Protein chains: 4
Amino acid sequence: MTEEINLLDEMLKEDDNLTDKQRKILVAATEMFAEKGFAATSTNEIAKKAGVAEGTIFRHYKTKKDLLLSIVTPMMVKMLGPIIIKDLNKVLDKDFERFEDFVRAMIINRQEFLEKNLKVVQIFLQEIPFHPELREQFIEHIGKKVVSRLIQIVGHYQSKGQIVQLPATTVIRLTASTIMGYFAAKYIINPKWNDEEEINQMIHFLKKGLTPDE
Amino acid sequence: MTEEINLLDEMLKEDDNLTDKQRKILVAATEMFAEKGFAATSTNEIAKKAGVAEGTIFRHYKTKKDLLLSIVTPMMVKMLGPIIIKDLNKVLDKDFERFEDFVRAMIINRQEFLEKNLKVVQIFLQEIPFHPELREQFIEHIGKKVVSRLIQIVGHYQSKGQIVQLPATTVIRLTASTIMGYFAAKYIINPKWNDEEEINQMIHFLKKGLTPDE
Amino acid sequence: MTEEINLLDEMLKEDDNLTDKQRKILVAATEMFAEKGFAATSTNEIAKKAGVAEGTIFRHYKTKKDLLLSIVTPMMVKMLGPIIIKDLNKVLDKDFERFEDFVRAMIINRQEFLEKNLKVVQIFLQEIPFHPELREQFIEHIGKKVVSRLIQIVGHYQSKGQIVQLPATTVIRLTASTIMGYFAAKYIINPKWNDEEEINQMIHFLKKGLTPDE
Amino acid sequence: MTEEINLLDEMLKEDDNLTDKQRKILVAATEMFAEKGFAATSTNEIAKKAGVAEGTIFRHYKTKKDLLLSIVTPMMVKMLGPIIIKDLNKVLDKDFERFEDFVRAMIINRQEFLEKNLKVVQIFLQEIPFHPELREQFIEHIGKKVVSRLIQIVGHYQSKGQIVQLPATTVIRLTASTIMGYFAAKYIINPKWNDEEEINQMIHFLKKGLTPDE
DNA sequence: TATGAATGAGCTTTCATTCAT
DNA sequence: TATGAATGAAAGCTCATTCAT
């Protein structure tokens, strides 16, 4: 049912010229960066946790920041981007009859992605305020493509008369906010709710909220 | 029209036993923490920016973390909490006939707050993942009170038949997500939109989305 | 029975131009220096313990070292010296018939002194390795006088045929070592012994050990 | 004639996993601690004197206090203890006919030890008042063993009727005081005396002083 | 390739001391 | 006289990074 992949594992396996040590470093660094933040994690700690010498880290990653980028950039550039696009195609290709079906597919799709890449996403969200390059990379390589794709989709359902004639970006924002609010609640507050029911209610809310005014 | 106050200024003026230097330290630290993050800001930088000796910082704040807390805790404990409560009273006391009027009042009220305290809120959001005490303090002193208040309010409008009979927390989440999505877009992406129109659309969306099903 | 005085109290009372604060500083500093050593005690700690402002210390004592000297020098220069001399006179004037009576008087006399000035003596002994001036002061102002006096006394009892014809300094060393060993055991190891009996045994040991060889 | 070893040299040579730099650090630290005291010696000074970077010190010794302990503890735990025991055995095994012969052997034995380890012993004596752990370590690991051994020995000579029937601890105290008084005079006052003669007189004094009363 | 000792700049914090009030 | 805020040098210590092995 799920063909989603864990980005980190993927990266580790796929890349054949990755040493065993290198894998260990990436895993350890991901763990620590997520927990304490990039700036507050020392290369010494990472080395210890990875069970390698400190020098080994710098043999593979010129600087500490390089290490961060090698965790977070692939997620965006190599994986997040293509995957999103691919997934969106997948979603669109099925040509869901109704907007609400499309939204449901999106939610489930992103949910699986999140579930498998929590740590890296967490690092990304935590560090993006402090690294302008990260921000720019994200906007340039991912953001723009995703947004333009979504605009098409919104237009598609608007032209079918299923959703209200607001600016596409507004529709996207309202929808995305609602979905991300759901994820935030789920992963930060961690409530004991029934996922399926909650998703149904959310979609019902979106459907009603975005229904064209008569 | 706005009686909102800038938290930092407030703190600086109100507290009579704050030295001039201490004020400068707080302003400089807020600036730097917001920009580079707590861990990546050195006390040396803060001292230079504040135009004081480094020792002066530690005369007033036992540790660097103390300095962070003395910026962020008052916001929560002394100011955010009471203000929210007071504001909510203000909002509720008017007993807005319609849920949408209440939401509009809330948006404007929080908008003003945000506008005047962007930096401190930014620090708070950026640092909360790395400081468990901050998280606990926030939940204990602020979160719980605010949520229980909002639950009352939702119940109020539900009993008037204005909004759908979902669990109050779900209603709150859907509403809050939408509003926060608006703020996120406004302050992060900084689009050139028409605030008033955007707010109107958002409220319309919420109203429709939360209308009771017939 | 005892006319011994507590050096610190003496100093505090006697000196009329000592402020109340100054007294508190001296008491606090003595306490801390004895406990943690001079170098490891901060003026801040002393100020807190004394209940005065840090500046007040430096109003009275130009430097931290000045404070140390003003505790330890009077003990030597003003008090230890004269007192020893005076006391020795007292002891000698009685012209104890036997050497052992003289020794006993000495032990009791020094015991009382120690008992009342443990802290200051402790500071003196602890700090003397690190402060050459202290060492020189002691030798110059106290040591020489005391030694030359003791040489006279030893000569006195040697000429009476009561003690062996060794160099006076050797006799002094053997006697002083024995007495100081007793004090060291008493104040450092703090054994549960009978003081009087122990002193009797010690004197008996000295008497036998220093008896002229036939 | 002497098989005594210099503790520090011993430590430095023996331990094969000691870096060259580490050796230099230990030598420099010993020098400085002896001269200025632990608290008054800065790690910066030690680094300069050792010709290493300051960071190097902390790579090998987690804290400055660690450095002190790594100089002083081995002396007690690994070396002083066993050596004393071993030496005492050596001394006892010869089963000196007379108590005075035993004492003489002891003096010479300890004299050699002192001569070769003056600095470390000096540090130990100077710092013990300020470091309770040091005190406890010493009592636990060294003091108790040495004392119980000495009690046996005293009993041995008492049963042979050579020394007076005082409590063994009293005999030990009187003897040790006399010997340590000799060492104190020798190493602190540094008199120009004839060692051998002085030792003979001291032993004669002890013998007479501890002779059983008829 | 991997190590880990070594570095020195820079970190947070402490300190004795000064000085305006 | 007494204060305590302010100082800046120096403390102990951490850090990312280098390099000989």
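Any value given below was found using the heavy atoms of this structure, including those in side chains, with hydrogens, waters and symmetry copies removed. Labels below follow one simple rule: chain letters A, B, ... track the order of the sequence lines, proteins then strands, and each chain is numbered from 1. Source: prediction; values computed, not measured.
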Can you figure out which of [options] approaches the side chain of [X] most closely?
| X | options | value |
| --- | --- | --- |
| D/S42 | E/dA16, F/dG12, F/dA16 | F/dG12 |
| B/R59 | F/dA5, E/dG4, F/dC13 | F/dA5 |
| B/E54 | E/dT12, E/dA6, E/dG4 | E/dT12 |
| C/T63 | E/dT17, E/dA2, E/dT7 | E/dT17 |
| A/F58 | F/dA6, F/dG8, F/dT18 | F/dT18 |

Output the rounded distance in Å from [atom1] ([X]) to [atom2] ([N]).
| X | N | atom1 | atom2 | value |
| --- | --- | --- | --- | --- |
| A/D66 | F/dA16 | CG | C1' | 13 Å |
| D/Y61 | F/dG12 | OH | P | 16 Å |
| C/R23 | F/dT1 | CZ | C1' | 15 Å |
| D/N44 | F/dA10 | CG | P | 9 Å |
| D/I25 | F/dC13 | CD1 | P | 14 Å |
| B/D20 | F/dA6 | CG | P | 8 Å |
| D/E45 | F/dC13 | CD | P | 15 Å |
| A/M32 | F/dA16 | CE | P | 11 Å |

**Report entry** Of C/A39 and A/V52, the one whose closest DNA chain E nucleotide lies more 5'
**Finding:**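 The residue whose closest nucleotide sits nearer the 5' end is A/V52.
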Requested in this report: Name the residue closer to the 5' end of DNA chain E, choosing between A/G55 and B/F38 according to the nucleotide with the nearest heavy atom.
Outcome: A/G55
**Report entry** B/I46 and B/F33, any side-chain heavy atoms less than 4.5 Å apart
**Finding:**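 A side-chain contact under 4.5 Å exists here.
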Query raised in the report: Between A/E45 and A/K36, is any pair of side-chain heavy atoms under 4.5 Å apart?
Result: yes
Query - CD1 on A/I123 to CD on A/E31, rounded to 0.5 Å - result: 9.0 Å
Requested in this report: Could you tell me whether D/K49 atom NZ has more than 12 heavy atoms of other residues or ligands within 6.0 Å of it?
Outcome: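 Enclosed: over 12 neighbouring heavy atoms sit under 6.0 Å from NZ of D/K49.
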Counting only side-chain N and O atoms of [X], is one of them less than 4.0 Å from OP1 or OP2 of [N]?
| X | N | value |
| --- | --- | --- |
| D/T19 | E/dA6 | yes |
| D/K21 | E/dA6 | no |
| C/H60 | F/dT1 | no |
| D/T43 | F/dG12 | yes |

Report task. Determine whether the side chains of C/K65 and C/H131 contain a donor N or O and an acceptor N or O closer than 3.5 Å. Result -> yes
Query raised in the report: Where the side chain of A/Q126 meets the backbone of B/P129, is there a donor-acceptor pair that is under 3.5 Å apart?
Result: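 Checked: no pair found.
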Query raised in the report: Does any nucleotide pair with E/dT21 by Watson-Crick or G-U wobble geometry, both distances under 3.5 Å, and what is it?
Result: F/dA2
Requested in this report: If F/dT7 has a Watson-Crick or G-U wobble mate with both distances under 3.5 Å, name it; if not, just say none.
Outcome: E/dA16
